[in-house]
Every structure is written in structure tokens, then in C-alpha cells.
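Accompanying notes for the structure given below.
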Amino acid sequence: MSTLSLFAFCFSFFTSCARMGNPDGGWYDETPPRVIGATPADRATNVTSQKVRILFDEFIKIDNPTEKVIVSPPQLEMPEIKAAGKRIEVELKDSLKPNITYTIDFSDAITDNNEGNPLGNYTYSFSTGSEIDTMEVSGYVLDAENLEPIKGIQVGLYPADTPDSIFRTQALLRISRTDSRGYFVIKGIAPGSYRAFALQDADGDYTFSQKSEKIGFSRDVFTPSSKPDTRYDTIWQDTLHIERIVPIPYIHYMPDDIVLRAFTERQTDRMLIKTERKDPDRLAFYFTYGHDEVPVLRGLNFNSDGAFLIDRAWNEHAAPGKTSSSKSGDQTALNADTITYWLRDTTLINQDTLLVEAQYYITDTLGQLVSYTDTLSMVSKVPYAKRQKQQQKAYDDWKKQQDKRKKRGEPYDSIMPIEPMKLTFEVPAQLDPDKNITLKSTFPFQKVDTSMIHLYTKVDTTWYQARYELSPVNSLTMRLRGEWRPNQEYSLEVDSAAISDLYGAVNKVYKQGFKVKGYDAYGTLFVTLTGMKGQHVVAELLNGSDAVVKQAATDNGNAEFFYVNPGKYFLRMFVDHNGNGVWDTGDYDADLQPEEVYYYPEEIECKAKWDITETWNPTSLPLYQQKPGKLVKQKADKQKTIRSKNAERAKQLGIKLPTEE
């Protein structure tokens, strides 16, 4: 058989098997479904029907229409979208608006029924007026704090001359939804000037109606336009070799680089989330936001005078007058104000139910802080009787052990020892010169005798007393700072009963040696920030998980990172407009954008004994191109193509598939 005949046979076999849907391991159908008609016709004008029927040349299915299909202008009542055989039927439930273009953007939701070949980004449109609007704009929505692409957020337009209040009162004029890259395209736009908005709509009204809704807005005004242009598609000979590059003319719609930085406003409404008595020795109150005054508690079935040690653990941004960070993405958690009332008296601890009258401040329906009085029943989750049984069991186990030791003639105790203070020392064997030692207690610190806490340093072969400072971080944490010298050995020694907690428990003897690492174990990174002159910025050194390792604030554009452990890092910075040292979110009503965040687009490797110098212009790249791919958590959806399966099958058979023009 000639080469030409063999090729013809293979091609004939390929096309015939494609129709069969690959029943026996032959070629896969790689032909996407094709639209052959619609009622009303695509781009029809003066349409009055709310029902649309689109016909295809083969059986099709539609994937997740609720999420993937976007109808614009937005519909307050969800349209009914269904696939039946070779057609798709759409019924709009909202009344049609006069003289406006409707678009039904199916994205990649339509596939053939056999192999799942996607039709591609298909959009159907019609007009209720005499003209069809065809302009498009596109861009990206990124998380304002970390430039993560935001998938599934709505993006819409308002005319540029409308008041700012329209975002709160009227639905977006035209909408789209971002894909896994944060990318959006808004279609069917009429001539005019517009502004773009992003909205993570919580209640389906297409307006910014709740503080919990993530939003993005821009003051930039744009006028959609278009021009003829050319793009270039690559035709691959196989998975490694390019056969040719084909120019393809198309209409280029602009702007195509809109960037919206989405954020959630700080939650400043103060509400009581919950109260609990998870442990019998404490009462906890959880608020959504902080206030200078802690709740005043009055015992109703006990004397509350001097009964509590009050411990407050609020996020620093929850304090009144401060803004909020969104590092975790959970605004409520970040703004939370938690007040713990430790019971001093064991009699009260043993009382299962404590009735208290609590007076505290909350936000009323008018947004004003008002005093509120509540009566609460604080019930211990572990009843006193159960705790007594647990204690008795612990004593019985201890007694049994001592009896066994006594029978064997071994030393034993006749009195059960008091449980020591639950104290943790965070002392690494190798300490960085810019780090410190942390002491953590299960119960609040009551007394610390620093004369019984010793820090020694070894010089040559002799140990000397070293200076240190011990200061509280909160009621459960203390920090020990020393004058650490590189390559020197230290010993932290704590005498018995040097530290006691609220309930009188004392620490055991503690001794731990450690060494401060030498300078030659680290690298140093110097970063020159260009284009940031006159701005206070905070540069952040990040690890591969996008977590901050070190920070460096600067007003002169020179960020310096010392004592950097060898490894690979990334850089991020934000413009600290208010100088509080933390990233701050935006506020729509105040026309306040979130503080600008930028990423250095490349990985930086730091080596021991090396000084690394980098020059970085944070605005040299568009924001959607800045974040390194290794840090992006919202990965782009993989595009699986049937052609790759055919290419693999052809490779196995030693056949070169024909390429399409």
C-alpha cells in the first residue's frame, strides 16, 4: 500500500471512528457542537419573547448553568436554563426591559454529549430595541490584600455619570463573573462611559447591601472601543514540535486590562457573638468588635466583688479608632474582641451555674453604640460532680501505684503531690539573634520572682551572669529578651517556685541550654524600591506559603532584611498610608481604597554569608501579572482537550495526525 493510500486510510478511519464515539478504543470525537439556529435569532432586535431556544447539530449537555451561565442585565429571579437533546432552552423570569441588549454568556458550559468537547466561550444576544449593542470590556479581579485571583465574583458596570449611591440602591447595569484566573468579560455594552465594580453578592440583589460582601470599585472612567487586530495561534506537530504559527484576525475590544482590587470592609458593628463557660474556672464573652470598656458583671447568685481577673484578647485592629487587617480573610475573627473573666475563688469554680447581670456596649439598628444589660446563666460544661469523679480516679490510680511500690520495697509517697504549674518554655536549641524566648502558661501568671530566674552565658570556659528582660505579652504569655551574642552558648535556669499562677500552682525546676547562631549562618537582603519616593511602605519577606517571615518598614525606599536563613523567598510590599504598620482595607462610603499591595514577580534565593541586593519597581508590571505562580493558591482550571488524547493515541500507533488549517 502506498504512503498516500495509507494516509487516506488513516484519515478515513479517524473520521469514521469519531462519529462512533470511541466505542472500541479508536479515535476520540474532537469536534465541538455547532449552533445551527436560534429562536429568536442570535442578535435579533425588537424581541418581546422571554423564551429562547438554541439549536445544535448534535446532542449536547450544559454543565452547572447556575454557576457558569451569566444573563445580562442581571436577573433578580433566576432564569430557567436546561438542555434537552440537541437544544438549550432559556426562560427569563424577569420582565424584559425596553431598548436594551440582553446577553446570555454560556462560557464553556456547553459540551457535546459523548466526549464532552466544549463549544468554547459562546454568547447569545438579542435586543428589545431596534439596535444590538456589541461592545465588550475585560479585565481581572484580585484580592486587594494578596493579589490572589478571585473566582466567581460578579463584575458589573454603571454609567460614569451616576451617583456613588447607585451601588447601594440599584442593580448593576451589565454583569459578568470571573473565572479561575480572576478574568472577566462584560459583553453587550452600549456606547457611553462607564465605571466598573466587583461584588460578591450575598443576597442576590446585585447591590452592595451588606458589609460582609466583598467589593471592588474604581474611580477610573472608560469608554468601550474596538479595532481590527491579529492574534497568532500555534499549530503543534506533536507535543514537542511546532508545525506553524497561524495569524488570525479578530476584533479587539478595549479596555481589556481593567483591574479591580476586591476587599471586605472592616466590621465595626459591635455585637455579642456568644458567651460560654467551656472551663469551670472562666467565663468568656465574644464580641465582633472592640470597645474601650469591658462588660461589667454583677453576680446574681454569688458575690462578684473582686471575683474576677479580667483578661482581654482582642485583635489589635479591633480596638476603637484602628483599622482592620484581613490576613486570614475572616473579618469577624480578625476584629473579634474576646474578654475572659477568670474566677479567683475555687468555691465559685465548683459552682456549676453562675447567674450574672452583664452590662456592655453594642451597636443598635441606627448604627449607634448603646449600653445594653443582659442576664446570663453561665453553666460549666463539665459539672462539679464529674470533675470530682475524675479527681478521685486520678487519686486512686496514683494510690494503686504507690501501694505497688510499697509492696516491692521501693520508695513511695504517702501524700499525693500537688500538680505543678503548667508552664511551657519555647527555647530552641539554635536561637536566631533577632528572636527571643517565650514562656506560656495554661492559667494567668500571678507572681514572677526574677531573682530566681537566671540567664548565663559561656565565655571561653567560664559561665557568667547575662542580662535579660522579662515582660508580659498578655496574662498567659511572657517574653524573655536577652543581649544575644552570636556563636555564644547560653543557659536558662529557673528555680522551683520562681513563678506561680492564679491558683497558686508553682513551676518545677527548669534548665535549658541553647546557642545563638553566628552571623555567618545567615544572608542579608537589601531591596531598593524605585518609584516609591515619599511614601511609607512596609516590605515583607515571604516563604513559599505566602506567609510573612520578616518585615522591614521604610520611608526612603531602602528595605533591609538581616539574619535571613538560607532558602528561597518572595517579596511583597504595601503602602502604609496611615503609618500603623499593618495593611488596611478600604471603605466604600468614605471613598477609601485598600492600601496598595505589590509582589516582586521572581523568587529570591538567600545564601549564608551572602549579601543580596535587588532593585524593584513595584509598578512596572500590571497587578494581575505580579504574584509568582508558586504563591498563587487559586490555580487556573485545567483545560482538558480531546485532541491531546488523539495525539497520544496516534503516538502509540506511530501515526501522524493531519492538522487543521
Side-chain angles (χ1 to χ4, degrees), residues 279 281-282 294 305-314 316 338-349 394 398 411 413-519 521 562-563:
D279 297 287
D281 49 28
R282 73 203 76 166
V294 300
D305 293 340
F308 307 115
L309 183 150
I310 302 175
D311 179 28
R312 186 167 208 164
W314 63 11
E316 62 177 314
T338 303
I339 303 103
T340 302
Y341 296 79
W342 293 88
L343 298 169
R344 297 179 182 274
D345 192 342
T346 54
T347 303
L348 296 181
I349 295 173
W398 172 86
D413 292 327
S414 57
I415 299 176
M416 187 175 181
I418 298 174
E419 188 175 355
M421 180 182 182
K422 295 178 181 178
L423 184 63
T424 302
F425 293 84
E426 295 182 357
V427 184
Q430 298 282 327
L431 183 68
D432 293 331
D434 58 343
K435 299 292 177 62
N436 293 291
I437 293 171
T438 302
L439 287 68
K440 291 185 177 180
S441 174
T442 303
F443 302 104
F445 288 98
Q446 180 71 16
K447 179 183 177 184
V448 178
D449 187 345
T450 54
S451 68
M452 302 173 71
I453 301 175
H454 316 282
L455 181 67
Y456 299 101
T457 181
K458 188 177 182 181
V459 181
D460 295 328
T461 58
T462 306
W463 289 93
Y464 294 91
Q465 192 91 21
R467 296 175 60 191
Y468 71 87
E469 177 184 86
L470 187 64
S471 58
V473 177
N474 53 49
S475 66
L476 301 177
T477 306
M478 302 196 77
R479 184 166 293 130
L480 188 148
R481 298 178 174 86
E483 295 178 341
W484 312 125
R485 300 184 185 279
N487 287 319
Q488 283 196 204
E489 293 183 49
Y490 290 82
S491 178
L492 177 62
E493 302 177 14
V494 183
D495 298 341
S496 175
I499 306 171
S500 62
D501 66 24
L502 180 64
Y503 302 114
V506 297
N507 68 289
K508 298 187 295 184
V509 172
Y510 177 84
K511 181 177 181 179
Q512 177 65 52
F514 60 96
K515 185 177 182 179
V516 175
K517 292 196 287 187
Y519 294 142
F562 298 99
Y563 305 119

**Prompt:** Looking only at heavy atoms, which two atoms of Ser414 and Trp398 are closest? And how far apart?
**Reply:** C-CH2, 3.8 Å

**Asked** NZ of Lys435 to CZ of Arg479: how many Å apart, nearest 0.5 Å?
**Response** 11.0 Å

**Message:** Just so I know, are the side chains of Asp434 and Phe562 near enough to count as touching, which here means a heavy-atom distance under 4.5 Å?
**Reply:** no

**Message:** Please give me the minimum heavy-atom distance between Trp484 and Pro433, naming the atom from each residue.
**Reply:** CD1-O, 3.6 Å

**Item:** Side chain to side chain, Ile499 and Met421, heavy atoms closer than 4.5 Å
**Value:** yes

**Request:** Specify whether Phe514 and Tyr490 have parallel, tilted or perpendicular ring planes, treating 30° as the upper limit for parallel and 60° as the lower limit for perpendicular.
**Result:** parallel

**Asked** With sequence neighbours left out, what residues match Phe308 under ring pair (Phe, Tyr, Trp, His ring centres under 6.0 Å)?
**Response** Tyr341

**Prompt:** Could you give the distance from CG (Asp281) to CG (Leu309), rounded to the nearest 0.5 Å?
**Reply:** 11.5 Å

**Rounded distance [0.5 Å steps], CG in Asp279 versus CH2 in Trp342** = 7.0 Å

**Prompt:** Looking only at heavy atoms, which two atoms of Glu493 and Tyr456 are closest? And how far apart?
**Reply:** OE1-CE1, 3.5 Å

**Asked** Step by step, would you call Met478 with Phe445 a side chain to side chain contact (heavy atoms under 4.5 Å, CB included)?
**Response** CA-CA 9 Å; Met478 302 196 77; Phe445 288 98; 3.5 Å; yes

**Request:** Kindly indicate, with the supporting measurements, whether the criterion side chain to side chain contact (heavy atoms under 4.5 Å, CB included) is fulfilled by Tyr468 and Leu492.
**Result:** CA-CA 10 Å; Tyr468 71 87; Leu492 177 62; over 6 Å; no

**Request:** Measure the OH-CG distance between Tyr519 and Asn487 for me, rounded to the nearest 0.5 Å.
**Result:** 9.5 Å

**Asked** Salt bridge check: are Glu489 and Lys515 linked by an N-O gap of less than 4.0 Å?
**Response** no

**Asked** side chain to side chain contact (heavy atoms under 4.5 Å, CB included) between Val506 and Ile418: does it pass, once the steps are laid out?
**Response** CA-CA 9 Å; Val506 297; Ile418 298 174; over 6 Å; no

**Message:** Checking the side chain of Asp501 only, and the main-chain atoms of Asn507 only, is there a donor and an acceptor separated by less than 3.5 Å?
**Reply:** no

**Request:** Mind running side chain to side chain contact (heavy atoms under 4.5 Å, CB included) on Arg485 and Val516 for me, showing each step along the way?
**Result:** CA-CA 7 Å; Arg485 300 184 185 279; Val516 175; over 6 Å; no

**Asked** Closest heavy-atom contact between Leu480 and Asn436?
**Response** O-CB, 3.3 Å

**Message:** Could you measure the distance from the CE atom of Met452 to the OG atom of Ser496? Nearest 0.5 Å is fine.
**Reply:** 6.5 Å

**Request:** Can you establish whether the number of heavy atoms outside Glu419 located under 6.0 Å from its atom CD is more than 12?
**Result:** no

**Item:** Side-chain (Asp413) to main-chain (Ile415) donor-acceptor, under 3.5 angstrom
**Value:** no

**Message:** Can you confirm whether the side chains of Thr347 and Asp345 place a donor and an acceptor under 3.5 Å from each other?
**Reply:** yes

**Prompt:** Just wondering, more than 12 heavy atoms not from Lys440 lying within 6.0 Å of its NZ?
**Reply:** no

**Message:** With a 3.5 Å distance limit and no angle check, can you tell me whether Asn474 reaches the backbone of Thr477 through a side-chain donor-acceptor pair?
**Reply:** yes

**Request:** Mind checking the CG-CZ spacing from Leu423 to Phe443? Nearest 0.5 Å is all I need.
**Result:** 12.5 Å

